[in-house]
Amino acid sequence: MEPNKGLVSALFLFFLLNATIASPTPKPHIKPRPPPHHPCRHLTFYFHDIIFNGKNSKNATAAIVGSPPWGNRTILAGQSHFGNIVVFDDPITLDNNLHSAPVGRAQGFYIYDRKDIFTAWLGFSFVFNSTQHRGSINFAGADPLMNKTRDVSVIGGTGDFFMTRGVATLETDAFEGEVYFRLRVDIKLYECW
Amino acid sequence: MEPNKGLVSALFLFFLLNATIASPTPKPHIKPRPPPHHPCRHLTFYFHDIIFNGKNSKNATAAIVGSPPWGNRTILAGQSHFGNIVVFDDPITLDNNLHSAPVGRAQGFYIYDRKDIFTAWLGFSFVFNSTQHRGSINFAGADPLMNKTRDVSVIGGTGDFFMTRGVATLETDAFEGEVYFRLRVDIKLYECW
Amino acid sequence: MEPNKGLVSALFLFFLLNATIASPTPKPHIKPRPPPHHPCRHLTFYFHDIIFNGKNSKNATAAIVGSPPWGNRTILAGQSHFGNIVVFDDPITLDNNLHSAPVGRAQGFYIYDRKDIFTAWLGFSFVFNSTQHRGSINFAGADPLMNKTRDVSVIGGTGDFFMTRGVATLETDAFEGEVYFRLRVDIKLYECW
């Protein structure tokens with residue numbers, strides 16, 4: 001019977017293969033959901049945003065460059081800053097100390113986009129050029145600032161982060177008035193090439 | 001002959017496997033194109049954009065926050081609004097009624113980017129926080145407004161829409177002057193985790 | 001012995017299959033890195049950016065629509081143009097001649113985001129509507145302008161470029177003062193559907 005077993009096993013494999021890989025019928029393109037998700041790369045950073053307020057030109061890392069009709073570009077506007085566009089070039093550090101040696105720059109913009117609560121839309125990059133990391137990670141997404149943690153999308157990357165994708169969790173780690181914000185970013189990458 | 005058949009089947013499978021999966025030679029990384037594409041998730045929504053015009057402060061869901069040198073921030077500029085940046089926080093509804101219960105918010109911005117015809121560049125998110133959907137879908141792309149339908153990219157997502165990708169088809173469902181726009185969005189997701 | 005060989009081969013295949021495909025234990029979701037990367041599509045274009053300076057209204061393809069508090073919208077601001085938002089609708093050509101027949105339009109925006117060196121954040125699309133290409137490619141990322149080449153992410157596409165991803169390398173091919181910039185773009189797509 002052993003020959004038959006061999007044949008049976010081979011046939012079983014053939015059907016398995018057929019079902020799993022070589023299916024000739026068009027099927028929905030569904031990525032399997034690994035239970036649970038395991039990032040292929042996990043990074044944590046802090047970045048520090050000091051908004052220009054007319055007096056801190058030397059230290060400022062960000063500036064208001066757009067405002068609603070009722071605002072200006074030196075003070076964040078009323079109505080939850082709705083309509084303010086802020087451009088930034090912030091130092092990235094490994095710990096929560098603004099004065100630690102930066103390991104990269106967080107560069108991009110956010111737009112306050114809600115009148116009744118602080119919420120922004122973010123488009124930015126982490127740019128690294130050190131011995132440890134070289135390349136960039138690109139982010140986009142909604143940032144409902146009043147939530148303790150907020151998830152934005154990692155939409156791509158270059159260099160060491162070639163073509164990566166994932167989710168970044170933002171947390172406001174500290175703030176001083178409306179001038180200094182420190183964000184903790186937990187980056188989980190699920191596509192690593 | 002049966003033993004040989006078993007061997008032949010096994011060898012056939014081995015070559016199949018080898019050719020399909022375990023090829024040792026570097027090859028172009030090409031995703032197979034399933035014929036035709038079947039979305040793993042298909043959603044349709046409406047969202048409603050009411051641009052601030054100096055008089056509708058209470059109802060407005062959007063405001064002009066950037067303008068070309070020849071424009072201002074209360075009236076969309078001449079030359080097809082070229083250079084106007086509009087920030088929005090629009091209600092999302094399941095049907096085409098502005099007054100239906102919103103199921104989420106469409107938040108982000110568009111920039112009119114052409115002088116001779118209405119065309120914009122969009123960066124925005126659908127933000128859901130209901131029993132039905134929790135999480136966000138992030139979009140980016142060109143929106144040639146005069147075309148009946150326009151495709152933009154779904155570049156990522158969070159929560160229920162973790163890491164999703166796809167294409168969203170926008171259609172101007174209704175408009176009133178240059179103040180109210182209603183968009184129908186047909187979201188086809190092809191990567192579902 | 002041949003039957004056993006058949007069985008052994010089949011079992012070997014079974015274990016191979018099991019290890020490669022049907023692993024029941026959760027594992028990190030890691031995309032294999034093909035050595036080296038081969039794009040599934042490789043395209044090269046030029047695009048031409050003529051910034052409005054108050055005098056070139058007829059030829060300008062771009063305009064300053066946001067500026068820092070210390071700037072205006074007719075002249076790029078001091079401090080490396082930090083805070084200037086520029087919207088563009090630039091012709092795309094196959095060669096480096098501004099007057100060649102355009103094959104598409106590059107539409108979107110950039111924001112100068114650094115005070116001490118020319119650096120920008122880009123969000124834009126290549127929009128094609130010709131016999132050769134129909135659809136759009138969407139880009140986002142940091143553009144450190146002083147580097148000879150800069151990589152940004154291809155974050156999605158529509159039409160002929162449905163759901164594509166990859167990396168685009170920008171190179172400043174020529175510039176005249178602060179009005180005309182010509183960029184060479186080398187687009188390498190690694191996900192083609």
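Below, chain A is the first sequence line, B the second, and so on; all start at residue 1. Given the structure is predicted, the values throughout are model-derived calculations rather than measurements.
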Atom of [X], atom of [Y] and distance for their closest heavy-atom approach:
X	Y	result
V167(B)	G157(C)	CG2-O, 3.9 Å
G108(C)	D113(B)	N-OD2, 3.5 Å
T158(C)	S153(B)	CG2-OG, 4.3 Å
N138(C)	A140(B)	ND2-O, 3.5 Å
S125(C)	A142(B)	OG-N, 3.3 Å

Which one of S57(C), G66(C), A62(C), G123(C) has the most heavy-atom pairs closer than 4.5 Å to chain B?
G123(C)
Enter the distance from [X]:[atom1] to [Y]:[atom2] here, rounded to the nearest 0.5 Å.
X	Y	atom1	atom2	result
M163(C)	K188(B)	CE	NZ	12.5 Å
D151(B)	F161(C)	CG	CZ	13.5 Å
F162(C)	Y190(B)	CZ	OH	4.0 Å

Backbone N or O of T164(C) within a donor-acceptor pair of the R165(B) side chain at under 3.5 Å?
yes
Ring centroids only, cut at 6.0 angstrom: are F109(C) and F109(B) within range, meaning strictly under it?
yes
With a 6.0 Å cut-off on the ring centroids, do W121(B) and F124(C) count as close?
no
Region of F82(B) in contact with chain C, defined by heavy-atom distances below 4.5 Å
side chain
V65(B) versus chain C, the contacting section by heavy-atom distance below 4.5 Å
neither
Give the intermediate values and the outcome of side-chain contact (heavy atoms from CB on, under 4.5 Å) for residues Q107(C) and T119(B).
CA-CA 9 Å; Q107(C) 300 180 328; T119(B) 285; 3.5 Å; yes
Highest number of heavy-atom pairs under 4.5 Å with chain C among G166(B), P144(B), G156(B) belongs to G166(B)
Contacting region of [X] [heavy-atom separation from chain B under 4.5 Å]:
X	result
F139(C)	backbone
I64(C)	backbone
I85(C)	side chain

